[in-house]
Amino acid sequence: MPLPEEDPQPLLKDQEETAYDSDGKVLSFGIDYDTESGGSTVVSSFSWRKLWLFTGPGFLMCIAFLDPGNLEGDLQAGAIAGYSLLWLLLWATAMGLLVQLLSARLGVATGRHLAELCREEYPTWARMILWIMAELALIGADIQEVIGSAIAIQILSNGVLPLWAGVIITAFDCFIFLFLENYGVRKLEAAFGILIGIMAVTFAWMFADAKPSASELFLGILIPKLSSKTIKQAVGVVGCIIMPHNVFLHSALVQSREIDHNKKGQVQEALRYYSIESTAALAISFMINLFVTTIFAKGFHGTELANSIGLVNAGQYLQDKYGGGFFPILYIWGIGLLAAGQSSTITGTYAGQFIMGGFLNLGLKKWLRALITRSCAIIPTIIVALVFDTSEDSLDVLNEWLNMLQSIQIPFALIPLLCLVSKEQIMGTFTVGPILKMFSWLVAALVMLINGYLLLDFFSNEVTGVVFTTVVCTFTGAYVTFIIYLISREVSISTWYCPT
């Protein structure tokens, strides 16, 4: 019996990189879509069935708002600032929603995601810088997420499993979840829905145990308050909401649905349902973040422990404060943290696949891209776990550096996104209008200024020595120059479209 012929390039795909293969998309076109009549588009009425078919990408996207880094920001804001920053959490989530809706708009209107469009729109040198920055942001976020999962595993094992063992377990768990993709996008989305549900239940349980003040909670949401003592926590609340890799991710996730991008009505309907779904997903993420903030506001605000709480010791502090009960709160915290860490590491892997595939168009098989993406994060994370396993203070310092890394990368996702959704040659009739464009740039400028403040404050305290200062100043000059270049492209595009 003759042996089957071997594939000469088993690791490569023959066709150009795409976010999803056509046979892997969810069919959503056979449900009485819009009709074209008399040159105008008539969009069909709202349908719960259609909304259900489009539900999924927004919930995968919202995971980035619930990762361990965000949870740490929440608990520190609650412990130090009490209820006073809840209003800022609400508005920061709203700003994050705007950015993510623009990302979804780009993906739906063009049929391509942000990394692919950057590859086509920018010269090679600029494209490579954007890719490197996106990869660095992803690695930094992944280290935090994997460490968060490892901390949760350490808690749930009563300290039997060290941090490095939790990192290895998390790495393998990620591939198990990726295996679900072979059974369809909807199965994978259902798995993420379960993880989000676990987070909602565990943190709501802790919220009920803590019994925070309802009046203080609502006043914190409705009345803006800010003081010099809470400015750092306020900046942190806004700074950690927008994750660079998540901007790339959402523009790719929306392409998991089969849509005819040449039919305006179908695109309009898809944008409508994605907007509803994303809003609902981020409303849930806001509630979970609110639960965490208020739990620590009730338990630790105004105490001597407030300034010493971090992700590593938060579970034990909760246990000491609220006791065991029917089910020890330490393990409830561990389960919620594990769900947050596991889900965010998997979405990080997805983002890594889309970023690498979009910028480089290597034609690699998905499993190989996943292996490369995970290795880039897992190897440094294991080193981090071995070095910092016995030092909570050092781990907190490392987390601050990783937060700074995320802050540095934000302009390299936001500016290309805003430039591309403003370009009529790319978006066609779905180009953002002048009012939305102005508001989006104001939000982007605010986020970048806030993160710039974080960077300035951090480096003014950490940068010492002539050599280190010289390196940082050189890097800062190159960094600002590249941002000016990216913005200048938008200015030139706007001038070119402006009638004379």
> Does the gap between the ring centers of Phe192 and Phe59 come in under 6.0 Å?
Replying inline: no
>> Please tell me whether Tyr479 and Phe412 form a close aromatic pair, meaning their ring centres lie under 6.0 Å apart.
In response: yes
>> Tell me if a side-chain donor or acceptor on Asn246 pairs with a main-chain N or O of Met243 at a distance below 3.5 Å.
In response: no
> Between the side chain of Ser278 and the main-chain N/O of Gly58, is any donor-acceptor distance below 3.5 Å?
Replying inline: no
> Salt bridge between Arg257 and Glu269, side-chain N to carboxylate O under 4.0 Å?
Replying inline: no
> Are the side chain of Ser251 and the backbone N or O of Leu114 linked by a donor-acceptor pair below 3.5 Å?
Replying inline: yes
> Which pair of non-hydrogen atoms, one from Ile221 and one from Leu290, has the smallest distance, and what is that distance?
Replying inline: CD1-CD1, 3.6 Å
> Do the side chains of Phe203 and Asn289 get nearer than 4.5 Å, heavy atoms only?
Replying inline: no
>> Looking at every non-hydrogen atom in both residues, tell me the closest pair between Leu130 and Pro416 and how far apart they are.
In response: CD2-CG, 4.2 Å
> Roughly how far apart are Ile169 CD1 and Gln154 CD, rounded to 0.5 Å?
Replying inline: 11.0 Å
> What is the ring orientation for Phe300 with Tyr322, classed by angle as parallel under 30°, tilted 30 to 60°, or perpendicular over 60°?
Replying inline: perpendicular
>> How close do Met61 and Leu253 get, counting heavy atoms only, and between which atoms?
In response: N-CD1, 4.1 Å
> Donor-acceptor pair, Thr202 side chain versus Trp333 backbone, under 3.5 Å?
Replying inline: no
>> For the backbone of Gly299 and the side chain of Thr303, can you confirm whether one donor and one acceptor N or O come within less than 3.5 Å of each other?
In response: no
>> Taking Leu418's backbone N and O only, do any of them form a donor-acceptor pair with Trp441's side chain (distance below 3.5 Å, no angle check)?
In response: no
> Which pair of heavy atoms, one from Trp131 and one from Met356, lies closest together, and at what distance?
Replying inline: NE1-CA, 4.1 Å
>> With a 4.5 Å cut-off on side-chain heavy atoms, are Pro68 and Leu311 touching?
In response: yes
> What's the spacing between Ile63 CD1 and Ser285 OG if we round to 0.5 Å?
Replying inline: 9.5 Å
> Asn70: what forms a side chain to side chain donor-acceptor pair (under 3.5 Å) with it, not counting sequence neighbours?
Replying inline: Asp67
> Quick one: OH on Tyr350 to CG on Leu60, what's the gap to the nearest 0.5 Å?
Replying inline: 7.5 Å
>> For the CG atom of Leu117 and the SG atom of Cys419, what is their distance to the nearest 0.5 Å?
In response: 12.5 Å
> Is a donor on one side and an acceptor on the other found under 3.5 Å between the side chain of Lys298 and the backbone of Lys211?
Replying inline: yes
> Do side-chain atoms of Gln409 reach the backbone of Ala134 as a donor and acceptor pair under 3.5 angstrom?
Replying inline: no
> So, for Phe286 and Phe291, is the gap between ring centers shorter than 6.0 Å?
Replying inline: no
> Is His250 reaching over with its side chain to a backbone N or O of Gln100, donor-acceptor style, under 3.5 angstrom?
Replying inline: yes
> With Ser213, which residues qualify under side chain to side chain donor-acceptor pair (under 3.5 Å), at least two apart?
Replying inline: Ser215
> What closest approach, in Å, do Ile155 and Gly334 show between heavy atoms, and which atom pair accounts for it?
Replying inline: CG2-CA, 4.3 Å
> If you draw a 6.0 Å radius around CD1 in Ile435, do more than 12 non-hydrogen atoms from other residues or ligands fall strictly inside?
Replying inline: no
> If only atom types and distance count, is the side chain of Gln316 paired as donor or acceptor with the main-chain N or O of Leu330 below 3.5 Å?
Replying inline: no
